[in-house]
Amino acid sequence: MDKYKIDSHKINYHVDRVHEWLYQTKTVYPIYVEISPSGACNHRCSFCAVDYIGYKTRFLEKELLKTRIAEMGERGVRSIMFAGEGEPLLHKDLAEIIVHTQQSGIEASITTNAVALTEKFAREALPHTAWIKASINAGDKDTYAKVHQTKPQDFERAIANLAKAVQIKREMNAESVLGAQMVLLPENAHGALTLAKTGKEIGLNSVVIKPYSQHKMSVTRQYEGMRYDDYLQMVDGLEGLNDENFHVVFRRHTMDKLAEPEHYYTKCQATPYFWAYVMASGDLYGCSAYLQDERFCYGNINESTFTEIWEGEKRRKSADYVEHELDITECRKNCRMDEVNRYLWDLKHPPAHVNFI
């Protein structure tokens, strides 16, 4: 059960934007933007991909961000995930920003560790949020403390906050989908089923079990080269919890791809077109695998409008670089746009006999 296509892609539902890209009929604005409202984080997860950035205590200014988000809506951005290199809920104005995001015609979502998921925030934000996914990387408090590098009480707090959010969602008849996710690691694998059971008990809609992917610039290297052959047998127990109200997404397809010797495609097609990333510094990038790499930085939203940046010279130069020079063997394997890239690659490189549908 993967009704939200978490282990796949959804760009095929955006035929108009794909048409713009394929035939270059106009400037292609991103469908999806990830925004990091906070550079600070209250955890130091052992697997953190962006540890090299340094968890800097900086926050995007509320009014400027709201102005840029309204502009994104006007330019055709359809979704924003508030996540990034820090913990988004540490931004004190995030609920107001999320309400504004929906009012700008953009769907909003949050990826969070849920420790700062307060009742006040849930009541303000849930009616305006498509989904919230909590990063809960263990089934018990002691393992959680080791993986998240925090105190064990944070596990109990995160679970309690999610349970309260479920209650509030039901009271308000909100449509927001509430879930948790675990990055499957050797030290937490024994707790995957426990986490899934806990998620179901407190009323979450889903629990996602996903593989680790090594970021090329991460400081941490302890999970580099991880393979998942020895963990695939757990899928039956996990999916046995599925019913009409709850489902576990065991990302088997993404795990299998880690064993592929090379990329399915030889060029990145998604960058710099279909998505973007805004750091807590305001820098706007075309790929989150290359944060702080000037080749992929198009400008800063504190200094320029979104339109000026997206139609600017730096982005044009980056597009030319990606098209003609980027060696994707340098890229992160199983990057967020991998499935999108596979789809777009097939559009430009179709097999024989495509007319025999």
Side-chain angles (χ1 to χ4, degrees), residues 5 8-36 64-82 100-109 130 264-279 282-291 293-326 328 331 335-350 354-355:
K5 294 186 176 290
S8 182
H9 72 89
K10 288 161 276 192
I11 198 168
N12 52 307
Y13 298 106
H14 300 273
V15 177
D16 57 338
R17 203 66 57 89
V18 173
H19 183 275
E20 292 170 4
W21 165 80
L22 190 59
Y23 297 103
Q24 295 294 302
T25 57
K26 59 190 294 189
T27 300
V28 181
Y29 276 89
I31 296 167
Y32 159 73
V33 177
E34 180 174 347
I35 294 179
S36 180
L64 183 137
L65 181 55
K66 287 169 66 176
T67 298
R68 297 290 182 261
I69 287 173
E71 184 189 358
M72 290 178 188
E74 293 169 357
R75 293 293 176 266
V77 171
R78 293 170 179 170
S79 65
I80 290 176
M81 178 175 73
F82 293 97
H100 176 78
T101 300
Q102 188 192 52
Q103 292 171 344
S104 299
I106 301 173
E107 287 192 280
S109 66
Y264 179 81
Y265 40 88
T266 59
K267 287 184 180 180
C268 178
Q269 309 287 336
T271 303
Y273 300 106
F274 295 101
W275 78 310
Y277 183 107
V278 180
M279 292 184 69
D283 284 339
L284 191 154
Y285 287 80
C287 179
S288 67
Y290 289 99
L291 302 180
D293 185 328
E294 282 299 313
R295 296 175 299 173
F296 296 86
C297 182
Y298 309 150
N300 188 292
I301 65 168
N302 295 309
E303 301 165 0
S304 306
T305 68
F306 180 70
T307 303
E308 288 170 342
I309 295 170
W310 201 255
E311 298 193 3
E313 183 62 23
K314 289 186 73 175
R315 180 176 166 271
R316 284 195 291 272
K317 287 182 177 179
S318 183
D320 186 71
Y321 173 78
V322 171
E323 175 66 23
H324 299 106
E325 298 181 53
L326 176 64
I328 65 166
C331 294
C335 75
R336 183 166 288 163
M337 290 292 111
D338 181 68
E339 284 295 313
V340 170
N341 264 317
R342 290 168 184 251
Y343 175 81
L344 297 174
W345 180 261
D346 283 345
L347 284 181
K348 283 194 171 180
H349 303 84
V354 294
N355 294 327

Value rounded to 0.5 Å, distance of [atom1] in [X] from [atom2] in [Y]:
X: Y290; Y: C297; atom1: OH; atom2: SG; value: 15.0 Å
X: E34; Y: S79; atom1: CD; atom2: OG; value: 10.5 Å
X: C335; Y: I328; atom1: SG; atom2: CD1; value: 9.0 Å
X: H14; Y: H9; atom1: NE2; atom2: NE2; value: 10.5 Å
X: I309; Y: N300; atom1: CD1; atom2: CG; value: 6.5 Å

What I'd like to find out is whether the side chain of [X] reaches to under 4.5 Å of the side chain of [Y], using heavy atoms alone.
X: R78; Y: R17; answer: yes
X: L344; Y: F274; answer: yes
X: L65; Y: I35; answer: yes
X: S36; Y: Y277; answer: yes
X: W345; Y: K267; answer: yes

Which pair of non-hydrogen atoms, one from [X] and one from [Y], has the smallest distance, and what is that distance?
X: R315; Y: P272; result: NH2-O, 2.7 Å
X: E71; Y: F306; result: OE1-N, 3.0 Å
X: G286; Y: Y298; result: CA-OH, 3.1 Å
X: L347; Y: P350; result: O-CD, 3.8 Å
X: E107; Y: A130; result: OE2-CB, 3.9 Å
X: G73; Y: I106; result: N-CD1, 3.5 Å

### Task
Walk me through it: do E294 and K314 pass the test side-chain contact (heavy atoms from CB on, under 4.5 Å)?
CA-CA 9 Å; E294 282 299 313; K314 289 186 73 175; 3.4 Å; yes
### Task
Establish, from distance only, whether the side-chain atoms of R342 and Y264 form a donor-acceptor pair under 3.5 Å.
no
### Query
Using a distance-only test with no angle check, is there a side-chain donor-acceptor pair under 3.5 angstrom linking D293 and Y285?
no
### Message
If you apply the rule side-chain contact (heavy atoms from CB on, under 4.5 Å), what do you find for C331 with L326, and how did you get there?
### Response
CA-CA 9 Å; C331 294; L326 176 64; 4.1 Å; yes
Using modelled atom types and a 3.5 Å cut-off, is there a donor and acceptor pairing between side-chain atoms of [X] and backbone atoms of [Y]?
X: R75; Y: W310; value: no
X: N341; Y: C268; value: no
X: R68; Y: S304; value: yes

### Query
Step by step, would you call T101 with F82 a side-chain contact (heavy atoms from CB on, under 4.5 Å)?
CA-CA 11 Å; T101 300; F82 293 97; 3.5 Å; yes
In residues 22-32, what donor-acceptor pairs under 3.5 Å come from side-chain atoms, sequence neighbours left out?
residue: Q24; atom: NE2; partner: W21; partner atom: O; Å: 2.7
residue: Y29; atom: OH; partner: E311; partner atom: OE2; Å: 2.8
residue: Y32; atom: OH; partner: R336; partner atom: NH1; Å: 3.1

### Query
Got more than 12 heavy atoms from elsewhere within 6.0 Å of NZ, K317?
no
